[in-house]
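One structure is given below, encoded as structure tokens.
Numbered from 1 within each chain, the chains take letters A, B, ... in sequence-line order. What you see is a predicted model; the values in this text were computed from it and never measured.
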Protein chains: 2
Amino acid sequence: MVAKTSVEKSAGRPRDPETERRILEVTLRHLAEEGYSRMSLDNIALAAGVSKPTIYRRWPGKADLATAALRTLQLAEPPVDTGTTTGDLIATLENFSRSLLRPNGLSLIGTVLAEEAHTPELLALFRERLVVPRRQMLLAILDRAKRRGELRRGANLDVAVNLLVGAFYARYLAASAIPAGFPRELVAMVWPGLVRQRR
Amino acid sequence: MVAKTSVEKSAGRPRDPETERRILEVTLRHLAEEGYSRMSLDNIALAAGVSKPTIYRRWPGKADLATAALRTLQLAEPPVDTGTTTGDLIATLENFSRSLLRPNGLSLIGTVLAEEAHTPELLALFRERLVVPRRQMLLAILDRAKRRGELRRGANLDVAVNLLVGAFYARYLAASAIPAGFPRELVAMVWPGLVRQRR
DNA sequence: ATATTACGATACTGTATCGTATCGTAATAG
DNA sequence: CTATTACGATACGATACAGTATCGTAATAT
């Protein structure tokens, strides 16, 4: 028995894909709720209704399981199209705000940052699956505006994205809350630094 | 023996303040390096050169010790005075950048966020000791500018602070690095959204 | 000197956790 | 049917850890 792929049929009992899906889902939740260090495979097995050997049959260790769980992360938001650049920015940031305000919304971020020195693959995966795609979304909106001649010549789009996204983290750190009109206020303040001046 | 204050002399051996200071220093370091859950009192005692009962004589438990350690945090930067508002903002943000780029600079932030649900006093203390004072510094600079008539009438200074501070977090999350000219770029982009327009 | 509190060293208790081993039953291919 | 892999249940071994107990020595006040 060499390789086990989804097309190949072996002589034994087939693995249940639902089992794997459930383990990963529970793991992601526990990672967010407990952090990496406190997250326990005993508790994950219990919550997923599987035995520990079932988990170890798929992943050699705790870090591998956590990594696999983070690999399931993805942005689940439709593209926005409001007709204006600022409208698109605001809508995208509102999606972002909503995902941050979910239970444990910030704690997964906290966890991957806290674990950077010990288990750096966690931050790498988080970055790849959520951070970069979100930024690309915002960059795409700004890039279209730039190509339409809306933005000033030297506008650094990356800096704009850092400002817009980062403000949520700062706000949360300051008060564990993000007010409703926040995205609009952010865009309103950054926009004059972006927009092409009329002469 | 009722209360033990620094002026009262009891009949027994006095406590060594250096012992307490050392324990707290080591605790803060371990909290930043290991996170709260993985931080261990065994290791702190070892690193501080004290016994565990010595720690427990001062603090009833792990959370109390971590909380006390965070209470020692404080901003250790002199006020800036460059002669211009943007200069002051940039200088303050450069101080901020330097503190974030220290070893484990972001992991303490990560830790308090990750622990919010389990040990909320950690985030509360971190907020009180570092987050709020930093914001006050930036707000003070902006407030002075506002009173000098430099800023637009309705400029929301809180939003500006969120943008400026938060951009560092976003940048770090995206690439685990903060480039040298970052503060200047941020201020340059936010400033047009703040400054009073000439007419 | 005695009494008192602080201290490090050490040991202990109870619990938790990772990773491993085992077993009987389940689900498949041939 | 046999052989094979998957599974849950269970147990195990080794280690770690928070919190507690104990003891002899240290550092003070009276």
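Residues passing the side chain to side chain contact (heavy atoms under 4.5 Å, CB included) test with Arg148(B), sequence neighbours excluded: Thr85(B), Arg144(B), Ala145(B), Glu150(B). In this structure Ser37(B) satisfies the side chain to side chain contact (heavy atoms under 4.5 Å, CB included) test together with Ser37(A), Arg38(A), Glu115(B), sequence neighbours excluded. Under the rule for a side chain to side chain contact (heavy atoms under 4.5 Å, CB included), the partners of Gln136(A) that lie at least two apart in sequence or sit in another chain are Val132(A), Leu139(A).
Contact check on Glu25(A) versus Arg29(A) returns no salt bridge, with no Lys/Arg side-chain nitrogen under 4.0 Å from an Asp/Glu carboxylate oxygen.
Considering only side-chain N and O atoms, Arg57(B) lies under 4.0 angstrom from the phosphate OP1 or OP2 of dC7(C). For Arg22(A), no side-chain nitrogen or oxygen approaches OP1 or OP2 of dC7(D) to under 4.0 Å. Remark: Arg13(A) is not in phosphate contact with dC7(D), judged by side-chain N or O atoms under 4.0 Å from OP1 or OP2.
Taking every side-chain heavy atom of Pro14(A) into account, dA27(C) is the closest of dC7(D), dA21(D), dA27(C). Listed nucleotides dA6(D), dA29(D), dC7(C) differ in distance to Ala11(B); the shortest reach to its side chain belongs to dA29(D). The side chain of Ser51(A) has dG8(D) as its nearest neighbour among dC7(C), dG8(D), dA21(D).
Note on residues 92-125 of chain A: pairs passing ring-ring contact (aromatic ring centres under 6.0 Å, His included), not counting sequence neighbours, are Phe96(A)-Phe168(A), Phe96(A)-Tyr169(A). Pairs passing the salt bridge (charged side-chain N to carboxylate O under 4.0 Å, His left out) check and including a residue from residues 124-138 of chain B, sequence neighbours excluded, read Glu77(B)-Arg134(B), Arg135(B)-Asp158(B). Pairs passing the ring-ring contact (aromatic ring centres under 6.0 Å, His included) check and including a residue from residues 32-74 of chain B, sequence neighbours excluded, do not occur.
As a whole-Å value, the separation of Ile23(B) CD1 from dG8(C) C1' is 12 Å. Look at CG on Leu46(B): it is 14 Å from C1' on dT10(C), rounded to the nearest Å. In this structure, CZ of Arg15(B) is placed 5 Å from P of dA6(C), rounded to the nearest angstrom. One interatomic measurement links the two molecules: CD1 of Ile44(A) to C1' of dG8(D), which rounds to 17 Å at whole-angstrom precision.
Contacts between residues 25-33 of chain A and DNA chain C, defined by a heavy-atom separation below 4.0 Å, involve no residue at all.
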Under 3.5 Å, N/O pairs linking protein and nucleotides 17-19 of chain C:
from, atom 1, to, atom 2, distance (Å)
dC18(C), OP1, Met39(A), O, 3.2
dC18(C), OP1, Leu41(A), N, 3.2
dC18(C), OP1, Lys62(A), NZ, 3.3
dC18(C), OP2, Leu41(A), N, 3.0
dG19(C), OP2, Tyr56(A), OH, 2.9
dG19(C), OP2, Lys62(A), N, 3.2
dG19(C), N7, Lys52(A), NZ, 2.9
dG19(C), O6, Lys52(A), NZ, 3.1

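Neither Leu65(A) nor Leu46(A) shares a network with the other; the hydrophobic side chains, linked directly or stepwise wherever heavy atoms of I, L, V, M, F, W or Y lie under 4.5 Å apart, form separate groups for each.
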Please output the side-chain donor-acceptor pairs of residues 177-192 of chain B that fall under 3.5 Å, not counting sequence neighbours, one pair per line with the distance.
from, atom 1, to, atom 2, distance (Å)
Glu185(B), OE2, Asn156(A), ND2, 3.0

